[in-house]
Each structure stands twice: as C-alpha cells, then as structure tokens.
S.K.: 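Let me give you the structure first, and then I'll get to my questions.
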Amino acid sequence: MHSSAVFLIEFGAIILGLGLLGRLAGRLKFSPIPLYLLAGLAFGTGGLLPLGASEEFVAIGAEIGVILLLLMLGLEYTATDLVTNLKTQYRAGLVDAALNALPGAAMALLLGWGPVAAVVLAGVTWISSSGVIAKVLGDLGRLGNRETPVVLSILVLEDLAMAVYLPIVTALLAGVGLAAGSVTLAIALGVAGLVLFLALRFGRLISRFVSSDDPEKLLLVVLGLTLLVAGIAQQLQVSAAVGAFLVGIALSGEVAEGAHNLLSPLRDLFAAVFFVFFGLHTDPASIPPVLLPALALAVVTAATKIATGYWAARRAGVSAKGRWRAGGTLVARGEFSIVIAGLAVTSGIEPSLGPLATAYVLILVVLGPLTARYTEPIATRLGARRRGAAPDVVATPPREEMLDPVEDGTAGRA
C-alpha cells in the first residue's frame, strides 16, 4: 500500500480513537489524559499495534501540542496578574517547590539516576496540572469558593516558575557546561523579564497590532507569531514552550479572549497527540519494574500537595474545611509533568524515567479528582471522631465559604 495511504489510515485511526476516548472520559466525568497515555502505550514499541508511517508526523504534532499548551496557559494571565501573585504569594510558591520537588529529587537519587535526572524528576513531582484542576473546580462548583484564589495563585506561580525551570532542564539535558548553562539561564530570565516589562507598558499596543475582526486572520497571526517565537527561543536554548508562554502573556483583552476561543480546539487536538506521543516512547513492559517507586512517590507527593494547599489557605485566612479542599484540589499532576519527562525521554538520560513518570501521572491524574472531592469530608469525619462528636459531612460549602469570583484578581482571564 502506498505510504501516504498508510499514513492517512494510521493517523485517522489515532484521531478517531482519541475522539472516542475523550467522549468516554466525558461521560465518566474524568480527565482524558490517562486514556490518551494508555493509547500511546498500545500503539508504541512493545504495544499491541506499533505505528510505522505516521510516527514522524505524530512527533511534530506532539511538539506543536506542547507549544499550544503553554500559549493557552499564557493567555489565561496578564502580566499584572503574574507580578501581583509574585509579590503577594511568593511564600506559598516557595513552600510548594520545597515540599513537592524534593521528594522527586530524592527518589531519583535513591534509584541511582544521578543529579540531572533528579532535577527532572523534581519538576515532574512539583508542577500540578492546571488543566485537570480547572476542570475539577468547575465540575465541583467551587470557582466561587474562598479557597479557590489560593489554589489559582499557586498554579500561577508554578506556571511562572516554568519560565525559569525549563531552560535549566534544557541546558542540563543538552550537557552544556556551567558557563554555557549560566548564559542560557541569563538569556531566559532576561527574555522573560523583557516580555513582562513590554506587556505591562505596551500590552495594548501589542494586542492592537495582533488584533483583527476576521477570525481567520487573527488565528493565522497569533499561531504564526507563536511558532516563530517558539522556534527562536529553542534556537537560543531557552525552550520553545517558554517562548509560547511569553507570547500568551504579552496578549491581553479581547485579542487574548478571541485567540483563546479560536485556538482551544487546536490545543485539544495537538495536546492529545502529545500524550499519545509520550506513550509511544514508553514500552509497557518497562512500567511494572517502576510501579512500586511510582506508587510510593504518588502517595508522598499527594500528601505534600495537600499540606501545601492547607498551609497556603490557612495563611490566607480560609476556614479549616476550605484548607482541606484547597490541599486536595492541588494533588493532580498531568500535562506539565509529561512535558518535563518528555524532554528527558528525548535526551535519553535515564531509560526508566519515562516509564516511572507515566505510571506516576496515571496514578495522580486518577487520584487527583478523588482527593479534590473527598479530602475535606474525610478530614471532617476524622476530626469529628477525634472530638467524639457526630461527623458533619457538608455536601456544599456554607455561605461564608463563598465569595464573588470577580472579587479576587488571581483568577487571570479564566
């Protein structure tokens, strides 16, 4: 059969399969990420039906998926949001990094993987899934809760930290020396600072330049600009994902809203391809040997995320029930953990890192929505039992737990 025909059949089957899996996840009110990863495992090396003709195209689609994920994330925030969160919530960000990155680094060192793999696995366990958490908050009707701005602030700080973390990981994985790595980090910080400055001072002018009443022209300009900047960033060893994130931050107002609506379907398509691509490069037979470390790491970092959310919400004056809800909501890991692990898999620094990251994300992307829903009722029940009182499980938050969603600016453009 002609190679182009084989490609169309394979790629069409992948897209159709992803659509059906996404529909199934929607009916189950569940994140489709674990299903996409499992699909990749099925079609990859050692899977049920390895791909041939379409694998190269899937690899390119996966790279575009990462770029669009970070672009859409940047569109959710203004430069003012980021600066405000950095000033007011930086302590929560530091606690979040310390409690959740250190277990990943420690596990990598215990497994004998070396310092570079330790830095990578620290990022995998550190960053929560903004996509999964946003969906969970909406499904549970918690967007107006008092603890929600705390959760969003932590996510914003994690996203901002990615602009510094990704260039460091890219330089380490490339094996550059200390001097070259320092130059790369300096460039990344300089570019990020410059973009924030330009967005603060000239955001309206930039948005006006990009703006168009024609959806087709707006889509082409924003997508073309994003890919161009991402390519330049990658050429400078800064990371294409960071370049895309900064483009999203630079756009604001109606342009950001219009670009978000136009690019959402493309983001969903290529992000799904990205998760499949990651699964393609993971041999299913390599997961069982790392399942126990992945499970142990998932249990530890679920607890540390709950502790992070509890501490941050307590510092913000949220009641005990809201603190538990904030902690349970932050548990899910997903797209960013896979992005970080994908960089390591591509570089080939540690063969077992990809399988462990896959198992870890599969566990926590399933566990995350459950902890978001049940952490507070379980904590309430246990607290009541310790006090010798009847447990009072509240199905919906009391009136004092609610606030107007527009009262706090940490929600960005979401």
Side-chain angles (χ1 to χ4, degrees), residues 11 15 18-19 22 32 57 60-83 130-131 134-135 138 143 152 155-156 159-160 162-163 166 191-236 238-275 335-336 339 405-406 409-414:
F11 194 64
I15 300 301
L18 292 177
F57 186 81
I60 297 172
E63 192 164 354
I64 295 175
V66 174
I67 290 170
L68 290 178
L69 277 171
L70 271 293
L71 168 66
M72 299 295 284
L73 185 66
L75 290 173
E76 293 291 335
Y77 309 122
T78 65
T80 304
D81 293 330
L82 295 179
V83 172
S130 299
K135 187 175 188 306
L143 291 174
L152 295 176
L155 295 178
V156 170
D159 299 338
L160 187 58
M162 290 279 284
L166 284 177
V191 171
L194 178 62
V195 170
L196 287 175
F197 172 77
L198 293 176
L200 285 169
R201 293 290 300 272
F202 307 107
R204 291 184 179 179
L205 292 177
I206 296 172
S207 297
R208 190 179 303 168
F209 169 76
V210 175
S211 178
S212 174
D213 294 332
D214 188 337
E216 178 185 349
K217 295 183 177 66
L218 179 61
L219 174 63
L220 292 174
V221 171
V222 173
L223 184 58
L225 179 63
T226 302
L227 294 175
L228 176 64
V229 172
I232 295 173
Q234 186 143 318
Q235 193 69 23
L236 295 173
V238 171
S239 170
V242 171
F245 179 62
L246 295 175
V247 170
I249 292 172
L251 302 179
S252 61
E254 293 182 1
V255 172
E257 184 177 352
H260 190 283
N261 294 334
L262 290 171
L263 288 167
S264 289
L266 281 178
R267 186 270 316 271
D268 294 339
L269 168 62
F270 285 105
V273 171
F274 166 71
F275 291 120
E335 61 273 20
F336 292 123
V339 168
V406 302
T410 56
R413 302 190 188 98

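Just so it is clear, the values below take in all heavy atoms, side chains as well, and ignore hydrogens, waters and symmetry mates. When a residue number appears, it is its place in the shown sequence, counting from 1. Quick caveat: nothing in here was measured; it's all calculated off a predicted structure.
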S.K.: Closest approach of Ala62 and Val273, non-hydrogen atoms and distance?
M.R.: N-CG1, 3.9 Å

S.K.: Provide the closest heavy-atom pair for Pro32 versus Gly22 in the form atom of the first, atom of the second, distance.
M.R.: CB-CA, 4.3 Å

S.K.: Of all heavy-atom pairs between Pro215 and Leu262, which one has the smallest distance, and what is that distance?
M.R.: O-CD1, 3.4 Å

S.K.: Taking atom CG of Leu263 and atom CG of Leu269, what is their separation to the nearest 0.5 Å?
M.R.: 12.0 Å

S.K.: For Leu218 and Gly258, work out which heavy atoms get closest and say how close.
M.R.: CD2-C, 4.0 Å

S.K.: Between atom CZ of Arg208 and atom CD of Glu254, what is the distance when rounded to the nearest 0.5 Å?
M.R.: 12.0 Å

S.K.: Sequence neighbours excluded, which residues qualify as salt bridge (charged side-chain N to carboxylate O under 4.0 Å, His left out) partners of Asp213?
M.R.: none

S.K.: Which residues pass the side-chain contact (heavy atoms from CB on, under 4.5 Å) test with Leu227, not counting sequence neighbours?
M.R.: Ile67, Leu223

S.K.: How close do Leu69 and Arg267 get, counting heavy atoms only, and between which atoms?
M.R.: CD2-CD, 3.9 Å

S.K.: Hey, could you give me the CG/CD1 distance between Leu71 and Ile64, rounded to the nearest 0.5 Å?
M.R.: 12.5 Å

S.K.: Report the distance from atom CZ of Phe209 to atom CG of Leu251, rounding to the nearest 0.5 Å.
M.R.: 11.0 Å

S.K.: If you look at every heavy atom in Val222 and Thr226, which pair is closest and at what distance?
M.R.: O-OG1, 2.7 Å

S.K.: Quick one: CG on Leu219 to NZ on Lys217, what's the gap to the nearest 0.5 Å?
M.R.: 12.0 Å

S.K.: With a 4.5 Å limit on heavy-atom distance, are the side chains of Met72 and Ser264 in contact?
M.R.: yes

